[in-house]
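Each chain gets a letter, A, B and so on, in the order the sequences are listed, and its residues count up from 1.
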Amino acid sequence: MPELPEVETTRRGIAPYLLQQRWCGAVVRQPQLRQPVSATLDQQLRGREIHAVERRAKYLLIHCDGGYLLLHLGMSGSLRILPVGTPPGPHDHVDLCFESYLLRYRDPRRFGLLLWCEQPPQEHPLLRHLGPEPLAPAFSAESLHHQARQRKTPVKALIMEQRVVVGVGNIYANEALYLAAIDPRRAARRIALVRYQRLVVEIRAVLQRAIAMGGTTLRDFQHEDGKPGYFQQTLHVYGRGGAPCHGCGQPLRSERIAQRSSFFCPRCQR
DNA sequence: ACAGTAACCTGTTTGC
DNA sequence: TGCAAACAGGTTACTG
């Protein structure tokens, strides 16, 4: 599930429970994630106070005195606030504990990440090479057009590259290209600046809309998890191969582009 | 420098 | 109906 809007929704959901609080400790049941979870996480966190809960790309940074917890949800991760003593399910790998509740990390596929870091974020190997945030001014049509100059790669692959722009996952790459009327297979260098201007607008619009909707259905992190479906009613192309285009009624095409499932309207997108 | 592939893991869906 | 293959929202490392 986690693309940028869901990570941002998670950040907003957990932040009120974390800010100004002190960690009581951590329980690691399964340390084997994308990188191993520190065996001493409990000692590393215990007693530290949290100052800020930040998002960079799809990473969450929980800033404490003396360092920060770097967290990624991978393909299947989720975080929830639960009462102390809630029995863990099969893929509940880590509990991060406070006095009267806990932050529980669940991740069936274990592509996620949970690291205690003391070096500055901008120097961290996982964060150092990340491109601009899509909602920040540094992400512009001009820079996108410039980076696309020599690139024969399909434009969809380009906008999913983390060093070009962060946080555009497979769903929103498909959606944004549909909204911008650009064929996702088109070589990046064969797209004019004016079309990149529209693409930047649509990437921002689709992400902002999804954040707004995620905020309405995933607001309460204390109870169940509010799962997917939150943005699904408004998807134009993703997962709709063979179904009629919302614009022209022609059947949408489904194709693998750069090893990712892709959906587009061959008539509306050129 | 760039494009393509494999790999990390488990759960769910698809197809025979 | 049952089973195996294919596929899934991400990212990185390696290959040619």
Side-chain angles (χ1 to χ4, degrees), chain A residues 1-11 29-37 55-60 70-79 88-94 105-115 124-131 134 146-177 184-190 203 206-207 209-211 213-214 217-218 225-242 254-263:
Chain A
M1 280 146 255
E3 293 209 27
L4 183 147
E6 195 161 14
V7 177
E8 177 61 22
T9 300
T10 298
R11 187 191 69 78
R29 297 182 199 84
Q30 167 58 278
Q32 293 304 312
L33 303 182
R34 192 170 118 206
Q35 291 179 26
V37 178
R55 180 187 58 73
R56 174 74 176 107
K58 293 171 194 161
Y59 291 90
L60 288 171
L70 183 63
L71 228 141
H72 196 289
L73 300 176
M75 294 271 256
S76 59
S78 63
L79 285 170
H91 303 291
D92 290 337
H93 305 312
V94 180
Y105 176 79
R106 169 181 294 182
D107 186 4
R109 287 180 75 181
R110 288 196 263 136
F111 286 172
L113 198 70
L114 207 155
L115 297 174
H124 195 286
L126 292 170
L127 306 175
R128 201 169 25 184
H129 303 294
L130 293 176
H146 183 77
Q147 292 183 83
R149 263 179 322 158
Q150 318 270 29
R151 305 287 306 270
K152 295 184 184 180
T153 201
V155 60
K156 176 165 179 277
L158 184 80
I159 62 173
M160 290 181 68
E161 282 181 23
Q162 298 301 294
R163 54 177 66 218
V164 172
V165 58
V166 301
V168 181
N170 196 34
I171 293 179
Y172 298 107
N174 279 296
E175 293 299 309
L177 286 161
R185 301 167 297 181
R186 178 174 285 273
R189 62 178 183 175
R190 297 284 174 232
I203 287 173
V206 77
L207 291 175
R209 259 182 342 116
I211 290 170
M213 300 188 72
T217 47
L218 289 178
D225 32 9
K227 274 296 163 129
Y230 65 96
F231 194 68
Q232 277 179 10
Q233 303 93 324
T234 64
L235 294 178
H236 286 104
V237 290
Y238 184 81
R240 296 191 63 244
S254 165
E255 206 173 289
R256 272 189 108 68
I257 301 173
Q259 291 80 242
R260 304 303 298 274
S261 58
S262 306
F263 306 89

What's touching nucleotides 13-16 of chain B from the protein side, N or O pairs under 3.5 Å?
none

Inset, instruction - Identify, with sequence neighbours excluded, every residue that meets side chain to side chain donor-acceptor pair (under 3.5 Å) alongside A/Arg185. - result: A/Asp183

Inset, instruction - From the options B/dA3, C/dA8, C/dT12, select the nucleotide whose nearest atom is closest to the side chain of A/Leu126. - result: C/dT12

Inset, instruction - Compare the minimum distances between each of B/dG4, C/dA8, C/dT11 and the side chain of A/Pro154, then state the nucleotide with the smallest one. - result: B/dG4

Legend entry - side-chain N/O A/Tyr172 vs C/dG9 OP1/OP2, d < 4.0 Å: no

Legend entry - B/dT14 to C/dG9 separation - P atoms, rounded to the nearest Å: 14 Å

Legend entry - Partner set under side chain to side chain donor-acceptor pair (under 3.5 Å) for A/Arg109, not counting sequence neighbours: none

Inset, instruction - Have a look at A/Arg256 and say if it touches a base, only the backbone sugar-phosphate, or nothing, with a 4.0 Å heavy-atom cut-off. - result: sugar-phosphate

Legend entry - Pairing pattern in dot-bracket form [Watson-Crick, G-U; both distances under 3.5 Å; | = partner strand] for DNA chain C: .|||||||.|||||||

Inset, instruction - Indicate, with a heavy-atom threshold strictly under 4.0 Å, whether A/Leu113 touches base, sugar-phosphate, or nothing. - result: nothing

Are any protein N/O atoms closer than 3.5 Å to N/O atoms in nucleotides 8-12 of chain B? If there are, list each pair with its distance.
residue	atom	partner	partner atom	Å
B/dC9	O3'	A/Arg110	NH2	2.9
B/dC9	O2	A/Arg109	NE	3.1
B/dT10	OP1	A/Arg110	NH2	2.5
B/dT10	O4'	A/Pro108	O	3.3
B/dT10	O3'	A/His91	NE2	3.4
B/dG11	OP1	A/His91	NE2	2.4

Inset, instruction - Kindly write out the residues that satisfy ring pair (Phe, Tyr, Trp, His ring centres under 6.0 Å) with A/His236, not counting sequence neighbours, or none if the list is empty. - result: A/Tyr178, A/His246

Legend entry - Options B/dG4, B/dC2, C/dG9, nucleotide nearest the side-chain atoms of A/Arg151: B/dC2

Inset, instruction - Kindly state each residue pair satisfying side chain to side chain donor-acceptor pair (under 3.5 Å) with at least one member in residues 155-167 of chain A, sequence neighbours excluded. - result: A/Arg151-A/Glu161, A/Lys156-A/Asn170, A/Lys156-A/Ser262

Inset, instruction - Please name all residues satisfying side chain to side chain donor-acceptor pair (under 3.5 Å) with A/Tyr59, sequence neighbours left out, ordered by chain then number. - result: A/Arg34

Inset, instruction - For A/Tyr105, check ring pair (Phe, Tyr, Trp, His ring centres under 6.0 Å) against everything at least two apart and list the hits. - result: none

Inset, instruction - Return the set of residues passing side-chain contact (heavy atoms from CB on, under 4.5 Å) with A/Ala258 (not counting sequence neighbours), or none when no residue passes. - result: A/Ala157

Inset, instruction - Go through the structure and list residues passing salt bridge (charged side-chain N to carboxylate O under 4.0 Å, His left out) with A/Arg240, not counting sequence neighbours. - result: none

Legend entry - Contacts of type side chain to side chain donor-acceptor pair (under 3.5 Å), residue A/Arg29, not counting sequence neighbours: A/Asp95

